[in-house]
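Take this structure, written in structure tokens, and hold onto it; I'll ask about it next.
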Amino acid sequence: MKKKSVIYILLVACLSVSIASCEDMLTPSSDRHSYEVGQDTLYSYWGILRSLQNVAERYVVLGECRGELVSGTAYLSDTIQAILNFDMENATDGSCRYLKASDYYHVINSCNAYLAMYDSTLVTGTKEPYMEKEAAQVQAIRAWVYLQLVEVYGRVPFYTEPLLSTDAIDNFWNNGDCQTVTVDDLADKLVDQLEAAATVEMTYGYPQYQSYGYTATVCHSTKAMIPLNVILGDLYLAKGDAASCERAAQYYYNYLSGNQGLSNVAAGGALPSGYYAYGYRPEGATQTTYKNSGTPWTETGEQSKSNESITAIPSSTNKLWGTVLRGVNELYGYDAEISVSTSQEDTVTTASVSLTPQYNKKQLMASDAYYDLCDQQQFEMYIGADYTTATLQVDPNVGDARQYWVQDVSQTYSNGLRSTEKFITKQNPNGQFTTVFPMIYRKSQVWLRYAEALCGAGYPSYAFAVLKDGLCNNSGWLPTPGTSDYEVKEWQFTYDDGEQVITSSVSSDEIVQKVMAGMTFEDEDEQAEALAQVRAAIDSTAVSYQNWPSENSNVVLKYIDQREAERAGSFLNFNITALDGQMSAVNILIRTSLSDSEAGSTSTSGYENNDQNLTDGIHSRGCGYVKTSDRSLRAYNYVDMVAKKAKENYGVTLTKEDIYSGDYDDTVQKCVEDLIVDEEALELAFEGTRFFDLMRVAHRRGDPSYLANKLGQRNSSLATKLLDENNWYFPLPTY
């Protein structure tokens, strides 16, 4: 990295901060009242929130254009095409509004100035520190922006003191103080400040202001808040090693299970009910009809345990009132037109943005890889005359029904001709503009990252539970080690090569070690071949000692591995009230036959014993809710799905015995991780997370081919290009 490039970036950032104005707004003088200081600091805080709007849409563009779920149309601009193809020579800094590194440092330098200059000693009449809650949020914002930087540019300059002059920049560089960070060390550099900020958040809650916006669709002020435990989890999940994943899981758990008792702070909670999609194909029809209940990314109310949406970077509906974020809509093919009207009394002015689909302006569309993934899923519903006798069956025509959430099929007209086109409308359903855009965090996203962290920490069956059933404090939900929830499954491992017979009742690894100890090899290839032959020759018969999930257990999560359950007892306490399920009723879909017309539904608690603490896994949102008593019958179950991924992705045939034996833990963990990555695509497609999700897993495995092969699904040349991790990142600008 050239010296001039860093200086340029930081200079652009610091010049946006007037030294005089900062001293005036942020440095208290002896004769000023604390209220006035608080007001000045408040304006500075709002300025930071506004500067976030400059990087808001690139979060979506850079996260999705570099994933495999979108592809370009014939109307691609040169710069968007360059981003899609990882053509870094043509995707240069400043070549389009989504490629300007200095915008990130503008936010960071503003955060540094705020944290350096606000007076933490001033208190209100109730002894609550002025602006302490805002300062905690500034810490969270700075961490989130740094995370975007390292995920987009790789290694980047790192500083936490404000640079307010060219001299400060020169000293920063020439004194050898120009630190740099990557995803591997960013968490450790920020953790102390962030944990202190998390304590403030737990103690005082979020700042409370009026809602943002001037129409019926506004954004509650808490929607602009980033939960401290969530960003801490993200930083350690990006780092990726097993210890960091365990730490990330604890942070996510702290958020999801938090119950601070404060009305102005989110406390996580179970996955909310009411959001699901379904499909059906009536007899004689050639196309599946999709419908949905609710859109979880358009909630405008404050963060709460009952809401899905968590954090957004708000948009305005009028450029006179603020930044109007309409760039992503335009990339997806919508003309955005702003309308302003004033009441007759000239007292109330309102504004709105209308979105009109134009197929000849659409640059991005859903890729074949996205549709293929949806089609691979199995949508399950009940077929029968009534609820009590209907049986659970897979509808072969539906796949994952969440694809309806993200597609708007519009009739467009050009030169008198009508054309049916699909447009991506993920955060703007049915082409309706919303100020809650883009959505940075929502509940299912945090649960999926929690599942990722659990899997990376060595809890794959718990991670799968997030996908299939949910995790919460329901009686009869989790198995208990040392009880009849587990039985002893016995089998014996034997090796017989005609010359020696070795038997182990512990594991096949013991046999492998004994056999291999007596062999010598010329090279690693010969050793690997011998190892494969020894493993293939090991036979297992029904006499060993292994704790086994009991089929006779009444618990819902009967597939949880006992080894994980024992460890979780000291690592994560799932049995707490804050994780009570919140679905007192869900809609169970019923049709009289697979060729029947639209599905009917019945509301059920799911638990036949009327336990109202019901929750469900994320996968059900697109593949059908089922009665709790039928969950073990689902096509989407732990053993079958792990075995399926093992065969497809790793060429390994795994039985139930293999999965629980301990001999294939690494493969099992990878298979569950693959299922999580699939679920992230199905649930979060086109929201801005995709490339970063793939990057995390590839980094965690130390395997660039994982990411490269995914991108190769939409462009075969990328499968080779992205084997070089240097090609994952944009270069920092050089001038």
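Numbering starts at 1 and runs along the sequence shown.
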Contact summary for Asn112 and Arg142, nearest pair of heavy atoms: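 Nearest pair, atom of Asn112 first, then Arg142: OD1-NH1, 2.7 Å.
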
Residues Lys670, Asp666: salt bridge by 4.0 Å N-O rule: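 Salt bridge flag = yes for Asp666 with Lys670.
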
Please report the shortest heavy-atom distance between Cys219 and Thr435, naming the atom on each side.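 Answer, listing the atom of Cys219 first, then Thr435: N-OG1, 3.7 Å.
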
If we count only N and O atoms by modelled type, under 3.5 Å, do the side chains of Tyr236 and Asp188 hold a donor and an acceptor together?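 A pair is found: one side chain offers a donor N or O, the other an acceptor, under 3.5 Å apart.
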
Selection residues 229-238 - residue pairs positive for salt bridge (charged side-chain N to carboxylate O under 4.0 Å, His left out), sequence neighbours left out: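 Checked against salt bridge (charged side-chain N to carboxylate O under 4.0 Å, His left out) - neighbours excluded - the pairs reaching residues 229-238 are Asp234-Arg449.
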
Under a 3.5 Å threshold, yes or no: a donor from one side chain and an acceptor from the other, between Tyr371 and Gln403?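 The answer is no; no qualifying pair exists.
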
Test item: Leu232 and Tyr252 side chains (from C-beta on) under 4.5 Å apart, heavy atoms: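 SC-SC contact between Leu232 and Tyr252 ruled out.
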
Return the set of residues passing side-chain hydrogen bond (donor to acceptor under 3.5 Å, both in side chains) with Lys362 (not counting sequence neighbours), or none when no residue passes.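 Checked Lys362 against side-chain hydrogen bond (donor to acceptor under 3.5 Å, both in side chains); matches are Glu421.
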
Check whether any side-chain heavy atom of Val55 lies under 4.5 Å from a side-chain heavy atom of Arg58, and answer yes or no.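 Result yes, sub-4.5 Å side-chain heavy-atom pair found.
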
Is any NZ, NE, NH1 or NH2 atom of the basic residue among Asp678 and Lys645 found under 4.0 Å from an Asp or Glu carboxylate oxygen of the other?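 Yes, charged N to carboxylate O under 4.0 Å.
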
Check this for me: Asp372, atom CG, are more than 12 non-hydrogen atoms of other residues, nucleotides or ligands nearer than 6.0 Å?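 Check passes, neighbour count above 12.
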
Compare all side-chain heavy atoms of Tyr275 with those of Ser444 and state whether any distance is below 4.5 angstrom.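 Tyr275 vs Ser444: side chains apart.
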
Side chain proximity check, Glu683 to Arg442, heavy atoms < 4.5 angstrom: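 They are in side-chain contact.
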
Under the side-chain hydrogen bond (donor to acceptor under 3.5 Å, both in side chains) test, which residues partner Ser717, sequence neighbours left out?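 Partners of Ser717 under the side-chain hydrogen bond (donor to acceptor under 3.5 Å, both in side chains) test: Asn715.
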
For Asn54 and Asp103, work out which heavy atoms get closest and say how close.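 Looking at all heavy atoms of both residues, the closest pair is O-OD2, 4.0 Å.
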
Short side-chain donor-acceptor distance under 3.5 Å, Ser244 and Asp241: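 Looking only at side-chain atoms, Ser244 and Asp241 do form a donor-acceptor pair, the distance falling under 3.5 Å.
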
If you measure only the distance, is there a donor-acceptor pair under 3.5 Å linking the side chains of Thr356 and Glu337?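 Result is no, nothing qualifies.
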
Counting N and O atoms only, with roles assigned by atom type, does the side chain of Asn109 sit under 3.5 Å from a partner on the main chain of His106, one being a donor and the other an acceptor?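 Not at all, since once roles are kept as given, no pair shorter than 3.5 Å links the two residues.
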
Can Arg155 and Thr180 be counted as having a side-chain donor-acceptor contact under 3.5 angstrom?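 Indeed, the side chains of Arg155 and Thr180 share at least one donor-acceptor pair under 3.5 Å.
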
Partners passing salt bridge (Lys or Arg N to Asp or Glu O under 4.0 Å) against Asp724 (at least two apart in sequence or in another chain):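 Applying salt bridge (Lys or Arg N to Asp or Glu O under 4.0 Å) to Asp724 gives none.
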
Answer yes or no: are there more than 12 heavy-atom neighbours, outside Lys361 itself, under 6.0 Å from its atom NZ?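 Counting other residues, nucleotides and ligands, NZ of Lys361 stays at 12 neighbours or fewer.
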
When you check the gap from the basic side-chain N to the acidic O, do Lys426 and Glu687 get nearer than 4.0 Å?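 Looking at Lys426 and Glu687, the cut-off is met.
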
Sort and list the pairs that fulfil side chain to side chain donor-acceptor pair (under 3.5 Å) and have at least one residue in residues 65-75, not counting sequence neighbours.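 Residue pairs with at least one partner in residues 65-75: Glu68-Arg690.
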
Residues two or more places apart in sequence or in another chain: which of them pass side-chain hydrogen bond (donor to acceptor under 3.5 Å, both in side chains) with Asp87?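 Partners of Asp87 by the side-chain hydrogen bond (donor to acceptor under 3.5 Å, both in side chains) criterion, ordered by chain and then number, come out as Asn90.
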
Quick one: side-chain contact (heavy atoms from CB on, under 4.5 Å) partners of Leu723, sequence neighbours excluded?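 Result, side-chain contact (heavy atoms from CB on, under 4.5 Å) vs Leu723: Ser705, Ala708.
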
Among Tyr332, Phe686, Tyr359, Tyr334, ring pair (Phe, Tyr, Trp, His ring centres under 6.0 Å) partner for Phe423: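 In the set Tyr332, Phe686, Tyr359, Tyr334, the residue that makes a ring pair (Phe, Tyr, Trp, His ring centres under 6.0 Å) with Phe423 is Tyr334.
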
So which atom in Val324 and which in Val353 form the shortest heavy-atom distance, rounded to 0.1 Å?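 What the structure gives for the nearest pair is CG1-CG2, 4.3 Å.
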
Taking the six-membered ring for Trp, are the ring centroids of Trp144 and Tyr59 within less than 6.0 Å of each other?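 They qualify: ring centres under 6.0 Å apart.
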
Got a sec, which pairs hit ring pair (Phe, Tyr, Trp, His ring centres under 6.0 Å) with one end in residues 688-723, sequence neighbours left out?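 Matches after skipping sequence neighbours: Phe86-Phe691.
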
Taking only residues two or more places apart in sequence, or in another chain, which ones meet Tyr729 in a side-chain contact (heavy atoms from CB on, under 4.5 Å)?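 If we apply the side-chain contact (heavy atoms from CB on, under 4.5 Å) test to Tyr729, skipping adjacent residues, the hits are Met695.
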
Using a cut-off of 6.0 Å, state whether more than 12 heavy atoms not belonging to Asp78 lie near its atom CG.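 Count not over threshold, so no.
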
Going by heavy atoms in the side chains, are Glu673 and Arg701 under 4.5 Å from each other?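 With C-beta onward as the side chain, the pair touches.
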
Kindly write out the residues that satisfy side-chain hydrogen bond (donor to acceptor under 3.5 Å, both in side chains) with Ser77, not counting sequence neighbours, or none if the list is empty.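 Checked Ser77 against side-chain hydrogen bond (donor to acceptor under 3.5 Å, both in side chains); matches are Gln363.
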
Glu452/Arg700 salt bridge by N-O under 4.0 Å criterion: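 Looking at Glu452 together with Arg700, the answer is yes, because their closest N to O distance falls below 4.0 Å.
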
Who passes side-chain contact (heavy atoms from CB on, under 4.5 Å) against Ala197, sequence neighbours left out?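 Only Ala136, Gln139, Leu228 meet the side-chain contact (heavy atoms from CB on, under 4.5 Å) criterion with Ala197.
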
Do the side chains of Ile226 and Ile440 get nearer than 4.5 Å, heavy atoms only?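 When only atoms from C-beta onward are counted, Ile226 and Ile440 do not touch, as no gap falls below 4.5 Å.
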
Can you name the residues that form a side-chain contact (heavy atoms from CB on, under 4.5 Å) with Glu161, not counting sequence neighbours?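 For Glu161, no residue satisfies side-chain contact (heavy atoms from CB on, under 4.5 Å) once neighbours in sequence are set aside.
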
Do the charged groups of Arg621 and Asp400 touch, with an N to O distance under 4.0 Å?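 So Arg621 does not pair with Asp400 through a salt bridge.
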
Kindly indicate whether the side chain of Tyr650, heavy atoms from C-beta on, has any atom under 4.5 Å from the side chain of Cys671.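 When only atoms from C-beta onward are counted, Cys671 and Tyr650 do touch, with a gap below 4.5 Å.
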
